[in-house]
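Down below is the structure, laid out as structure tokens.
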2 protein chains.
Amino acid sequence: MPQAKRSRRKEARPEEIIDAALAEFAAVGYSAASMAQIAARAGIARSTIYLYYADKEALISAAFDLRLGQAFAAAGQGVALSSGPFREVFHEMLTLLYTRIVKSDALVLLKVLVAEGRQFPQLLTRYHDTALNAAMTMLTGLLKQGLARGELRPDVMGYDIKLVMSPIMLAAIWHLTFQELEPIDLAHYIEGHVSFICDGILTR
Amino acid sequence: MPQAKRSRRKEARPEEIIDAALAEFAAVGYSAASMAQIAARAGIARSTIYLYYADKEALISAAFDLRLGQAFAAAGQGVALSSGPFREVFHEMLTLLYTRIVKSDALVLLKVLVAEGRQFPQLLTRYHDTALNAAMTMLTGLLKQGLARGELRPDVMGYDIKLVMSPIMLAAIWHLTFQELEPIDLAHYIEGHVSFICDGILTR
DNA sequence: TAACTTACTGACATATATGTCATTAACTTA
DNA sequence: TAAGTTAATGACATATATGTCAGTAAGTTA
């Protein structure tokens, strides 16, 4: 879809540029992404990017702001979980988390952090304190509720909540890397997540 | 530790160069790693690298060969698992896997693949077919044995084995990214892994 | 210790990236 | 529709990377 002539789009540019940048980061990673290629994706000249962002680092920082903001705007609406038995609410919350994380546009942020997070400690902190902590807090809250209802073993709270979250992390990483090689059937995977975490695998 | 004079080390060079390269990849990622910096780490001139490796891609390919080979050489020895109850053998195997994966020098390979695996589909395939499949095969074998002994629920084999492996993946990714921000107590984490997967979290 | 072999180096040519700036042209206003 | 404003561009200067190659010197052999 080639742009016939050049056009002036002061309001729309910033987000268009970030979308192009994130697409490029997803394709080749942050370091390998060139401003020229990002500009090409956005359909503008390379120098135009500098009208809006000082350099590549300002770009990724703005990209984090935008995507994390979007994710939380989305998370704010429609978190109406049922108040049924633990297994049911857990399944609902997991479905929500898988959708919001594994299938989300923000997944590229995790990729960048794993790859080159050491160069951006403030982004690491921001992602950890917002996205990851939000997920962990949600899960911890759910477990506390289940415990209060007497549905969970009391010693459960003594373990790391990340264990409950870990299948989501694997699915996220898998989507970024091995999905084409060996696809994950997400719906069935979620069933297993609920089953293994709720019941374990030993006979009762 | 500066090298006083230049020395000739035909046999030792290749591995020294790869070690330096992997250290640099771990620090800044593959794309951002420069041959100059790798050479500096190895204590040699940049051009010396080209005597042993055609270019950066040949370097990373050789690095995969070396580290995957080392990991499997290590895996070959001392896999003497007890034949006790499932929980006990499972715990032993997990301890082995965490040591071999999370604390291993090969962890940087996973990082490179997550970040820039799309540019190296053959490395993706190699890592998937060897490292990941080996871990999954070990776990599947263990589960089958537990099932044959009547210790496991029969429907367990219907779910994705990656669910059982996922806490390892999270720990690995965590070590690469958020470990300094929020450390994982690995021994306690493994206890939780065993507990959650074996017993689940619901009351019995 | 002199001649030989070759691992290693420094300099060169080339390619690709970045950030700046004077000029251009799209859109607005009088 | 002419003049004014400014978003957008293309060219420039600079920086950093890559891969090559003739020359250097470490180690070996006679």
A/Asp19: which of A/Arg67, A/Arg41, A/Arg13 passes salt bridge (Lys or Arg N to Asp or Glu O under 4.0 Å): A/Arg67
Could you say whether B/Ser47 or B/Arg8 is positioned toward the 5' end of DNA chain D, judged by the nucleotide with the nearest heavy atom to each?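 On the 5' side of the pair lies B/Ser47.
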How close do [X] and [Y] get, heavy atom to heavy atom, and via which atoms?
| X | Y | result |
| --- | --- | --- |
| B/Ala135 | B/Leu97 | CB-CD2, 4.3 Å |
| B/Phe64 | B/Arg126 | CB-NH2, 3.6 Å |
| A/Ala131 | A/Leu68 | CB-CD2, 4.1 Å |

Expected list for residues 53-61 of chain B near DNA chain C, using heavy atoms below 4.0 Å, is none
N/O donor to acceptor pairs below 3.5 angstrom from side-chain atoms of residues 168-179 of chain B, sequence neighbours left out:
unit_1	atom_1	unit_2	atom_2	d
B/Trp174	NE1	B/Glu182	O	2.7
B/Thr177	OG1	B/Ile173	O	2.7
B/Gln179	OE1	B/Ile184	N	3.4

For [X] and [N], what is the distance between atoms [atom1] and [atom2] respectively, to the nearest whole Å?
| X | N | atom1 | atom2 | value |
| --- | --- | --- | --- | --- |
| A/Glu11 | D/dA7 | CD | P | 9 Å |
| A/Lys10 | C/dT28 | NZ | P | 13 Å |
| A/Arg13 | D/dT9 | CZ | P | 6 Å |

Under 4.0 Å from OP1 or OP2 of D/dA8: is there any side-chain N or O of A/Tyr52 that close? yes
Is the distance from OP1 or OP2 of C/dT9 to the nearest side-chain N or O of B/Thr48 less than 4.0 Å? yes
At less than 3.5 Å, do the side-chain atoms of A/Arg46 and the base atoms of D/dT9 form a donor-acceptor pair?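 For A/Arg46, whose side chain was compared with the base of D/dT9, there is no donor-acceptor pair (under 3.5 Å).
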From B/Leu94 atom CG to B/Met165 atom CE, the distance as rounded to the nearest 0.5 Å: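 Nearest 0.5 Å value for the CG-CE distance: 11.5 Å.
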Would you say B/His188 and A/Tyr159 are linked by a side-chain donor-acceptor pair, where the criterion is simply a distance under 3.5 Å?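 Per modelled atom types, A/Tyr159 and B/His188 side chains form no pair under 3.5 Å.
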Could you tell me whether a side-chain N or O of A/Lys111 sits under 3.5 Å from a main-chain N or O of A/Ala26, the two making a donor and an acceptor? yes
Indicate yes or no for a side-chain donor-acceptor contact from A/Asp160 to the backbone of A/Leu163 under 3.5 Å, with no hydrogens or angles considered.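 Checked: no pair found.
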As a check of understanding: the bend across the helix from C/dT1-D/dA30 to C/dA30-D/dT1, end axes from five pairs, rounded to 10 degrees, works out to 0°
For A/Ala33 and for B/Leu51, locate the closest nucleotide of DNA chain C by heavy-atom distance; then report the residue assigned to the nucleotide nearer the 5' terminus.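 This one resolves to B/Leu51.
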